[in-house]
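Given the structure is predicted, the values throughout are model-derived calculations rather than measurements. We use all heavy atoms of the structure for the numbers below, so side chains are in, but hydrogens, waters and symmetry mates are not.
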Amino acid sequence: TSRRLRVRHSGGAMTLDLPDDKASAGDVASSIEEATAIPKGEQGWKSGFPPRPLEKLYSSDPLPSDIDMLHVAKATSVNDATVDFTSTAADNADDASSAMAADAGSTLHAASLSIPDDSAIEE
């Protein structure tokens, strides 16, 4: 079965006809890149009303089935891009398993912090 996805971007709007319900986030990002010239690794996606940023997706992840409209803009940095083309969900699952195994005997766990670059820090 095919699926239609509305995409809004700075140049207007378009409809993507996806081949099936299992279209990957990477496939959608590539189609958006072809139509908008926003590089696939630099796209920030929002959905819903009001539009809210989507959680990070890996390029091999299927596009969530409840999304029928995306608002797409160029992300302010590669780290803010919605689709991650640098690794796969399987890579990160392996990393998480290794990290959990290493921490199995520990009672303290380090928190993950996102530290802004120096230009964002006010003195």
Side-chain angles (χ1 to χ4, degrees):
T1 64
S2 66
R3 176 177 171 189
R4 298 188 82 145
L5 178 69
R6 292 277 298 151
V7 178
R8 292 190 174 274
H9 55 93
S10 62
M14 65 181 178
T15 300
L16 293 178
D17 289 318
L18 304 177
D20 58 29
D21 289 337
K22 295 182 181 24
S24 73
D27 294 337
V28 172
S30 293
S31 294
I32 292 171
E33 178 180 34
E34 289 174 20
T36 66
I38 300 171
K40 62 186 179 183
E42 298 176 20
Q43 297 170 11
W45 293 358
K46 293 182 180 183
S47 185
F49 186 81
R52 298 188 193 286
L54 269 66
E55 292 197 21
K56 183 76 76 177
L57 297 168
Y58 297 101
S59 61
S60 59
D61 288 344
L63 184 69
S65 60
D66 61 336
I67 295 176
D68 58 1
M69 176 175 245
L70 287 177
H71 297 262
V72 180
K74 187 168 181 175
T76 55
S77 76
V78 174
N79 292 335
D80 293 333
T82 302
V83 182
D84 182 349
F85 285 89
T86 61
S87 60
T88 67
D91 292 340
N92 285 334
D94 290 342
D95 292 346
S97 295
S98 298
M100 284 192 291
D103 284 344
S106 174
T107 56
L108 296 175
H109 298 281
S112 175
L113 298 174
S114 177
I115 300 173
D117 63 15
D118 292 336
S119 64
I121 299 175
E122 294 183 26
E123 294 185 28

Give the C-alpha distance, both sets of side-chain angles, the deciding distance and a yes or no for side-chain hydrogen bond (donor to acceptor under 3.5 Å, both in side chains) between R4 and T15.
CA-CA 6 Å; R4 298 188 82 145; T15 300; 4.6 Å; no

Audit row: L54, L70, side-chain contact (heavy atoms from CB on, under 4.5 Å) steps and yes/no:
CA-CA 9 Å; L54 269 66; L70 287 177; 4.2 Å; yes

Is a side-chain donor or acceptor of S2 paired with a backbone partner of L18 at a separation under 3.5 angstrom?
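It does not hold such a pair.
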
Can you check whether D80's main-chain N or O pairs, donor with acceptor, with K56's side chain at less than 3.5 Å?
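No: the side chain of K56 does not pair with the backbone of D80.
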
Would you mind writing out the side-chain donor-acceptor pairs for residues 25-34 within the sub-3.5 Å range, not counting sequence neighbours?
from : atom 1 : to  : atom 2 : distance (Å)
D27  : OD1    : S24 : OG     : 3.4
D27  : OD2    : S24 : N      : 3.4
D27  : OD2    : S24 : OG     : 3.1
S30  : OG     : G26 : O      : 3.0
S31  : OG     : D27 : O      : 3.2

Please round to the nearest 0.5 Å and tell me the distance separating atom [atom1] of [X] and atom [atom2] of [Y].
{"X": "H71", "Y": "H9", "atom1": "NE2", "atom2": "NE2", "result": "12.0 Å"}
{"X": "W45", "Y": "L63", "atom1": "CH2", "atom2": "CG", "result": "6.0 Å"}
{"X": "D61", "Y": "D84", "atom1": "CG", "atom2": "CG", "result": "9.5 Å"}

Residues in salt bridge (Lys or Arg N to Asp or Glu O under 4.0 Å) with D68, at least two apart?
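None.
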
Identify the two heavy atoms, one from [X] and one from [Y], that lie closest to each other, and give their separation to 0.1 Å.
{"X": "I67", "Y": "R3", "answer": "O-NH2, 2.6 Å"}
{"X": "I38", "Y": "Q43", "answer": "O-NE2, 3.1 Å"}
{"X": "G41", "Y": "A81", "answer": "O-CB, 3.1 Å"}

Group every Ile, Leu, Val, Met, Phe, Trp and Tyr by side-chain heavy-atom contacts under 4.5 Å, then state whether M14 and V72 land in the same group.
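Yes; tracing contacts between hydrophobic side chains, which count when under 4.5 Å, links both residues.
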
